[in-house]
Novice: 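Shown below is the structure under consideration.
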Protein chains: 2
Amino acid sequence: MGITRKTKAVKKLLSLFEPTVSAILAVDLIAQLKEEMNKTTVYRILDRLENEGVIHSFSGSNGLKWYAKCTGCSSDKHNDIHPHFQCTSCKKVTCLPVEIKIPTVKNYTIENAAVFLVGKCSECSS
Amino acid sequence: MGITRKTKAVKKLLSLFEPTVSAILAVDLIAQLKEEMNKTTVYRILDRLENEGVIHSFSGSNGLKWYAKCTGCSSDKHNDIHPHFQCTSCKKVTCLPVEIKIPTVKNYTIENAAVFLVGKCSECSS
DNA sequence: AAGCTTAATGCAACTTTGTTGCGGTAAAAT
DNA sequence: ATTTTACCGCAACAAAGTTGCATTAAGCTT
Ligand SMILES: [Mn+2]
Ligand SMILES: [Mn+2]
Ligand SMILES: [Zn+2]
Ligand SMILES: [Zn+2]
């Protein structure tokens with residue numbers, strides 16, 4: 001389906017996810033790329049990359065949208081069911097390589113879980 | 001500190017939380033009360049009630065703000081650390097009276113957890 | 001290499017959610 | 001009844017994200 005051309009813009013955007021293991025705020029990407037591309041373009045590329053299983057998104061406590069690299073996802077199937085963690089000191093958000101234990105609750109059939117954790121990362125706990 | 005007057009607006013707003021156990025979208029409250037009060041007033045009352053421990057808030061998967069009744073909270077201390085559940089059929093969001101098992105992750109000190117579950121409620125599972 | 005097709009981009013205008021400043025209103029204390 | 005000030009309405013604003021449309025350029029085809 002979605003044919004994606006590897007344009008300059010796409011390469012540039014992907015390069016920003018490369019060096020880090022942290023998630024990135026959509027809004028920050030737009031600010032950082034202001035001189036190079038339009039915010040509409042940023043949003044559209046993020047959408048495409050998510051549909052292709054290259055990145056995944058989630059909302060933080062304040063409702064802002066975060067994006068992070070996927071590991072082993074495809075356009076067919078996203079398997080990013082892991083918790084996300086934000087450090088209250090450095091504000092960084094990271095994907096935690098831990099499995100979520102989905103609780104069993106009577107009268108509810110739970111199919112999916114989004115877990116957002118808050119605390120202190122190791123670098124800020126000194 | 002925050003002295004809250006029991007005005008007509010406050011009573012009206014509280015009455016909407018009374019008959020249901022479900023959470024309510026801030027945006028829906030504003031739409032529903034459009035004829036009776038200004039949206040600024042709605043937001044301000046919601047803020048106050050949350051500070052007083054009468055209601056608590058959380059964000060849904062799309063970043064929209066939900067509010068629900070508290071049980072046993074005060075202005076001093078909120079203890080609404082429970083998961084929230086949204087049914088994919090009826091779209092209703094409810095507080096689940098279940099304790100969250102906060103995971104232990106190496107290198108991270110976790111202080112708080114927001115869990116948003118998605119699935120089917122019992123009324124929609126037929 | 002030049003031409004062609006159409007996915008991708010830029011831009012402006014718009015939508016939605018939420019906030020702020022300020023003048024006026026009304027709850028409640030005196 | 002009068003006074004005090006918390007509360008409210010309104011208008012203007014702000015931030016995040018979306019949409020329509022004309023233009024550009026990626027990457028085939030020849
Ligand atoms: Mn992740
Ligand atoms: Mn709740
Ligand atoms: Zn940190
Ligand atoms: Zn349902």
Novice: Taking only the side-chain heavy atoms of Thr40(B) (C-beta and beyond), determine which of dC10(D), dA8(C), dG20(D) contains the nearest atom.
Specialist: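 It is dC10(D).
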
Novice: Counting neighbours of CD on Glu36(A) that are heavy atoms of other residues, nucleotides or ligands and sit closer than 6.0 Å, is the number greater than 12?
Specialist: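 Enclosed: over 12 neighbouring heavy atoms sit under 6.0 Å from CD of Glu36(A).
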
Novice: Kindly point out which of dA16(D), dT9(C), dT19(C) is positioned nearest to the side chain of Tyr43(B)?
Specialist: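 Within the option list, the nearest is dT19(C).
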
Novice: For Ile45(A) and dG17(D), what is the distance between atoms CD1 and C1' respectively, to the nearest whole Å?
Specialist: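 It is 16 Å, rounded to the nearest whole Å.
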
Novice: Has the side chain of Lys39(B) got a donor or acceptor atom sitting under 3.5 Å from an opposite partner on the base of dG18(C)?
Specialist: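 In this structure, the two groups form a donor-acceptor pair.
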
Novice: Do Phe58(A) and Ile100(A) belong to the same hydrophobic cluster, where Ile, Leu, Val, Met, Phe, Trp and Tyr are linked whenever their side-chain heavy atoms lie under 4.5 Å apart, directly or via other members?
Specialist: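 No, no single cluster joins them.
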
Novice: How long is the line joining CG of Asn51(B) and C1' of dC7(D), in whole Å?
Specialist: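 Taking CG of Asn51(B) and C1' of dC7(D), I get 15 Å after rounding.
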
Novice: Nearest whole angstrom, please: distance from the P of dC7(D) to the CD of Glu36(B).
Specialist: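 Those two atoms, CD and P, are 19 Å apart.
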
Novice: Rounded to the nearest Å, what distance is computed from the CG atom of residue Leu46(B) to the C1' atom of nucleotide dC8(D)?
Specialist: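 Rounded to the whole Å, the gap is 15 Å.
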
Novice: Give the B/S/- string for nucleotides 22-30 of chain C, one per nucleotide from 5' to 3', where a protein heavy atom under 4.0 Å of the base yields B, of only the sugar-phosphate yields S, and otherwise -.
Specialist: -----BS--

Novice: Return the value, rounded to whole Å, for the distance between atom CG of Asn38(A) and atom P of dT19(D).
Specialist: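 The distance from CG of Asn38(A) to P of dT19(D) comes to 15 Å, rounded to the nearest Å.
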
Novice: Is there a path of hydrophobic side-chain contacts, each under 4.5 Å between heavy atoms, that joins Leu33(A) and Leu49(A)?
Specialist: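 Yes, Leu33(A) connects to Leu49(A) through the hydrophobic network.
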
Novice: Let me know the distance between CD of Glu52(A) and C1' of dA7(C), rounded to the nearest Å.
Specialist: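 Going from CD in Glu52(A) over to C1' in dA7(C) covers 13 Å.
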
Novice: Indicate, with a heavy-atom threshold strictly under 4.0 Å, whether Ile30(A) touches base, sugar-phosphate, or nothing.
Specialist: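 No contact.
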
Novice: Would you name the heavy atoms of Pro103(B) and Lys101(A) that are closest together and state the gap between them?
Specialist: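 It is CA-NZ, 4.1 Å.
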
Novice: Quick check: Phe116(A) with His84(A) (ring centres under 6.0 Å apart)?
Specialist: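 No, the ring centres sit 6.0 Å or more apart.
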
Novice: Considering every strand and a 4.0 Å limit on heavy-atom distances, what is the contact class for Leu64(B): base, sugar-phosphate, or nothing?
Specialist: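 Result for Leu64(B) = sugar-phosphate.
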
Novice: Over how many whole Å does the gap from Lys11(A) atom NZ to dG27(D) atom P extend?
Specialist: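 Result: 7 Å.
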
Novice: Counting only heavy atoms from other residues, nucleotides and ligands, does the tally under 6.0 Å from NZ of Lys120(A) exceed 12?
Specialist: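 Counting other residues, nucleotides and ligands, NZ of Lys120(A) exceeds 12 neighbours.
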
Novice: Can you check the Asp28(B) CG to dT17(C) P distance for me, whole Å?
Specialist: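 Rounded to the whole Å, the gap is 9 Å.
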
Novice: For Glu111(B), what residues pass the salt bridge (charged side-chain N to carboxylate O under 4.0 Å, His left out) criterion, not counting sequence neighbours?
Specialist: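 Checked Glu111(B) against salt bridge (charged side-chain N to carboxylate O under 4.0 Å, His left out); zero matches.
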
